[in-house]
Amino acid sequence: MKAYDHKKIEKKWQEAWAKAKIYETKDSVPGRDNFYLLVEFPYPSGNLHVGHWYSFAIPDILARKFRMEGKNVLYPIGFDAFGLPAENAAIKNKVNPREWTESNIDYMRGQLRSMGASFDWSREILTCDPAYYKWTQWLFLQLHKSNLVYRKETKVNWCPNDKTVLANEQVIDGKCERCGHEVVQKEMLQWNIKITEYADRLIDDLEKLDWPEPIKESQRNWIGRSEGAEIDFPLDIGGEKMKVVYLHGFESRPDRPRNLWYKAGLEQLGYEVVIPTLPNPDFPSEEEQVAAALNATTYDENTVLVGHSLGAVVAMKVLEKLDKPIARLVTVGGFCNRNFKDRPRNFDAKFNWTFDGEKIRRNAKSITILHDPRDTGISDDQAKALSELLNTPITLGVSNKPHFTGDTEPDVLMWLRPTIRVFTTRADTLFGATYLVLAPEHLWVTLALQHKTVLKNNGEVAAYVEQAKKKTELERQENREKTGVKLEGVEAINPATGERIPLFVADYVLAGYGTGAIMAVPAHDERDHEFAKKFNLPIKQVVARVLRAVSGGDAVRSDVGWKERDAVMAVVKHWANDECLCIQWKEHEMHTFPSGGIEQGENAADAAAREAREETGYKNIEITKQLGGFDYIEFYHQIKKTNVRARFRYFLGRLRDDERSAVSAGESAMHEVVWKRPDELRAFLMLKEKDRILDLLAGKEEGAYTGQGIVVNSVGFDGLTVEEAKKKMTETFGRRKTTYKLRDWIVSRQRYWGVPIPVIHCAKCGIVPVPDDQLPVLLPETDDYLPDGKGKSPLAKVASFVQVKCPQCGGQAERETDTLDTFVDSSWYFLRYTDPLDEKEFAANEKQANWMPVDLYSGGAEHTTMHLLYSRFWHKALFDKQLVADSEPYLRRMNRGIILGPDGQKMSKSHGNVVDPDEIVERLGADTVRMYLAFIGPYNEVASYPWNPDGVVGIRRFLERVWRAQEFVTESSKIDDKKYTAVERVLHRAIKKVGDDTDQLKFNTAISQLMILLNAIEKEKQLGAEQWNTFLKLLAPFAPHVAEELWHESGHDSSTHAEPWPVFDPKLLLDEEVAIVVQVDGKTRDEIKIAADASKEEVEKAAREKVASRLEGKQIVRTVVVPNRLVNFVTS
RNA sequence: GCCGGGAUGGCGGAAUUGGUAUACGCAUACGACUCAAAAUCGUACGUCGAAAGGCUUGAGGGUUCGAGUCCCUCUCCCGGCACCA
């Protein structure tokens, strides 16, 4: 027997497999199902570490096993070759990033080959190859066509060290993911992709994916959907005297509910509202209507003129006739031509359709054009014409009924009056909103500051806003002390209570989330509570908690009904001692404070005093204060025999002296009065609410109550549950709204080594996409990769690249010089593997159809909210363009853990604990490294495993024992021979378990089963040739070289990897004789060996005999027999 | 703080989903082979106990004939998000 020489055989077989091209995957093979096994392709960092082995060599086990099972497996490889490190290395070492990248790739190819992995190298792709990025550019332009790409001045994360913009996902704890430098916020013109438009689908489609739950959950959290409401708070700006003149439309009347609703809303703010009656609304003419409008009132600089629909035309005609300007013109669903979407109108000929746009503009200091794209009559083109006429951008509105004809139209009202719109998930607490908070960047704040006279403390607010904007993410995170400034001179009106409430700017409200403004409910939100405490703002309870008795005599019963009532409880202190007045009931299990219901018209505090007097006889009780607010207490009333849901208030009182009148006979028969010291109360009281009352008594500071409960102090809504009130208040005061934490994806990078964004800036034509036939836009060669630090890409310095003819007008234009985020490259690479050489398409439909969607995608948890989310989005965008056939790219996801250094720390050069796989492969062989990593623990977990150098040796020992086991193989292959049967049963169990465990990604237990099998073989010291063949086939996916070598050693010419996966015989899975545990009273006492097919009775009988001595003198009350497992005798 | 996952020998980890807890491997000890060492092979290896027999799956309680597994309470560790209204 030759010695096991891993170096020789690994080299030999790797070359042989490559030469035979056995892993070059055909698009389809008759009789075989296609299986697409994808691993995240590596970044060409230059050197493979153990983590790479874990990523690539372990999934290879699956690839090989699935092939043996008859699947046509695609297991491709490529390189995510663009990106910052190449460029940083280029700057540091003065080498070309392309050369650096290519030489790294060359080196890594060799290392990857040394794994003995069955990659199909013929499909290799490089994202920095123009043949690849041509299609990255093309796909980007497809998204651009779908209006998913836009350019916007955005506050972005800027890394001053890498001198580039980072995506939100690339900022970890306020620091750059790549270099660790602190990230600053910067306003820059950036390319964005509207991933937010897909937020719902990205969450909802997770349902149908076979992914680990933690990954799905992280994506859901990251997208951060929350359902809530938008509520408008009207502003009252002191000194503003406005008159609103409202001109209704065609076939309308001044007294339509909607118009009256507008009137009420505006008058609430002290506005004067005029709604002229316009003559002949069903057959209107310009002359009559304009005259009526002009006669109805006077127009001056305090007038807001509103025209709905045709009213807008009338309004413009009115403006044409005025000789001095008004404050504002608002058109609602207005128009200036007759190109209606639906039908012609009868007023067509009675109006003059030419307008003096200039005069109208001169006569209105500001103009708002409100248009709803879902309008059934007014087309977008009509709105656009109006916008051009008045030289004013369109404000998009949402109507409740098309054309803003609902009974209420909040969007219109919002534009008629200054309003702050807030987003809240707790609409039920609206009555408790005692102030508003705006983010420092809120538009209204910005406008007010510009205006200068709106805020009385303009300077102070300006200073705060300035300072808040300068804070970095890190500073915001470190110092969470609430800060803010009140906006003096402005008040908002709580739409529910009508109360005037103050406004603040504070940086605890984020501009980027919701509407950038919140209603603050300090009683029921911790942040608002903290702020209110600091600024001494009122805290108003509007939700009462529900305390339910669940044990003891007053526990709520399911068999009786409910009674509701208002109640009070009195905590009365002794006149001299530190004791409280308590009541102990005689016939019932009740220990309480005096309490009872409030009588008709009675004051709550008086009721508390009265109850205490009546129940105890003490006369001189004075109530000193209320403790806390409302609580609902639910309990079973033992005397009235009914459940009670009582809305309680607690009062603190004092007894002046011991003067006492006789307690009524009824009362004294039921209970007696006892005095308890505070330290005895906890033990004495049985009420559910005692902890809360005792906390209140102790004067413990009460924070915000954020839980469920019942609404109080909210006229018209009292008694509703939180959930019911949310719904009802949203309907009454606002509208439903869903918001997301997810931000749009900023894809431009101001760096050299990436895909040029294929766009041209033309002074005349604006942004012009590069035509398809001019793709790819090649990355130009340059020696100057240094970014300028101000946000200009190095490409901007390459004049020959920048200067270009505009493809539309032919004039001189400039190329976009930013490059794309590398996550764009990797958002579609798996599609390219299906058709890697196609020059006409990014991947032909029929080629995609062979493989997509990916059957199993393996990778790390670090990509959960980055690559994995981006590529799902990208795929959906392509799906909507019908460029791909599925809405999700990956059916099943498996998650790889992390390999730590031998010291249990993350591997890093600074720790000096880096394990070099090349060295171990050299010393122990690739098969050992593969198998050790597979054996270290379950693969599909978010977990980390330390590399144990001794453990690796154990696997090497196993392979050497396998090698030596060839000695035991006899020529005979007759497995029915008695001497082989012991091994045969273990072998069949192994076939089952290795197969099952591998499918479930539990490679560690699959390998342990191979070890058990080998142990059995060594014990018998002989096995048949067929058994040996089967063993090698089971081993093949795990240790491909050893298995192949031994396979050939035992006389085969074919490859073991092309062999079919063994099949087990179910009959052989169980031993003929099984060991059955015998328990007495659940304790294992002995075991019996008995034929596997023995009957229940036989088993029980044998067991009883076995433990007869222990059963002596005992009564068996029950016998439990679990087939092939145990017998349990239960004695009395 | 919120959301997810977890805690089993000296270590990595098993446990047919409620049925012999500690499979398999590592480490360790002893023995065989050897002049010796390494390698290899064999034996032992949760814990208390001489043994019989107890006790053990982060802690405490519960359900069950039977709990690592199910339920409740708590502690700690890991991961994600984090002033997201």
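Note: hydrogens, waters and symmetry copies are ignored here, and every other heavy atom, side chains too, is used. Below, chains carry the letters A, B, ... as their sequence lines are ordered, and counting in each starts from 1.
- The phosphate of A15(B) (OP1 or OP2) has a side-chain N or O of K1002(A) nearer than 4.0 angstrom.
- If you check every strand for non-hydrogen atoms under 4.0 Å, G954(A) touches sugar and phosphate atoms only.
- Across all strands, R964(A) comes closer than 4.0 Å only to sugar-phosphate atoms, never to a base (heavy-atom distances).
- Going from the C1' atom of C74(B) to that of G13(B) covers 27 Å, rounded to whole Å.
- With contacts defined as side-chain heavy-atom distances shorter than 4.5 Å, the pair K1002(A)/N1004(A) qualifies.
- The phosphate of A85(B) (OP1 or OP2) has a side-chain N or O of Y513(A) nearer than 4.0 angstrom.
- Across A67(B) and U17(B), the matching C1' atoms stand 12 Å from one another, rounded to whole Å.
- Using a 4.0 Å heavy-atom cutoff across all strands shown, N1004(A) reaches sugar-phosphate atoms only and no base atom.
- Put simply, the side chain of W211(A) does not reach to within 4.5 Å of the side chain of N895(A), judged on heavy atoms.
- At the phosphate of G66(B), neither OP1 nor OP2 sits under 4.0 Å from any side-chain N or O atom of R1118(A).
- Note on S226(A): a side-chain N or O is less than 4.0 Å away from OP1 or OP2 of A85(B).
- One atom, CG of N1128(A), and another, C1' of A67(B), lie 13 Å apart when rounded to the nearest Å.
- Here, G58(B) and G68(B) have their C1' atoms 12 Å apart, quoted to the whole Å.
- Across all strands shown, K992(A) has no heavy atoms under 4.0 Å from either base or sugar-phosphate atoms.
- Two residues are said to be in side-chain contact when any heavy atoms from C-beta on lie closer than 4.5 Å; L436(A) and F504(A) fail this criterion.
- Residue D528(A) is classed as having no contact, given no heavy-atom separation below 4.0 Å to the nucleic acid.
- The nearest heavy atom of RNA chain B to E213(A) and to T1084(A) marks one nucleotide each, and the one closer to the 5' end goes with E213(A).
- If you check every strand for non-hydrogen atoms under 4.0 Å, F935(A) touches a base.
- For the residue pair R923(A) / H6(A), no side-chain donor-acceptor distance below 3.5 Å is found, with atom types taken as modelled.
- Residue contacts for R225(A): at a heavy-atom cut-off of 4.0 Å it reaches no nucleic acid atom on any strand shown.
- As judged by a 4.0 angstrom heavy-atom cut-off over every strand, V1077(A) is placed among the base-contacting residues.
- Nucleotides of RNA chain B nearest to L1126(A) and P938(A) differ in position, and the one nearer the 5' end is that of P938(A).
- Rounded to an integer number of Å, the gap from OH of Y945(A) to C1' of C11(B) is 15 Å.
- With a cut-off of 3.5 Å on both Watson-Crick or G-U wobble distances, the partner of U43(B) is given as A29(B).
- Proximity of R957(A) to the phosphate of A27(B): a side-chain N or O atom is located under 4.0 Å from OP1 or OP2.
- Applying the 3.5 Å distance criterion, the base of U16(B) shares a donor-acceptor pair with the side chain of R1125(A).
- Within the nucleic acid shown, E1087(A) comes within 4.0 Å of at least one base atom, counting heavy atoms only.
- Using bins of under 30°, 30° to 60° and over 60° for the plane-to-plane angle, the ring pair Y54(A)/Y939(A) lands in the perpendicular bin.
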F531(A) and Y435(A): CA distance, side-chain angles, deciding distance, ring pair (Phe, Tyr, Trp, His ring centres under 6.0 Å) verdict: CA-CA 11 Å; F531(A) 190 84; Y435(A) 60 101; 5.6 Å; yes
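- Side-chain atoms of K482(A) and base atoms of C83(B) include a donor and an acceptor less than 3.5 Å apart.
- Contacts of R1085(A) with the nucleic acid, taken as non-hydrogen atoms under 4.0 Å apart, involve only primed sugar atoms and P, OP1 or OP2.
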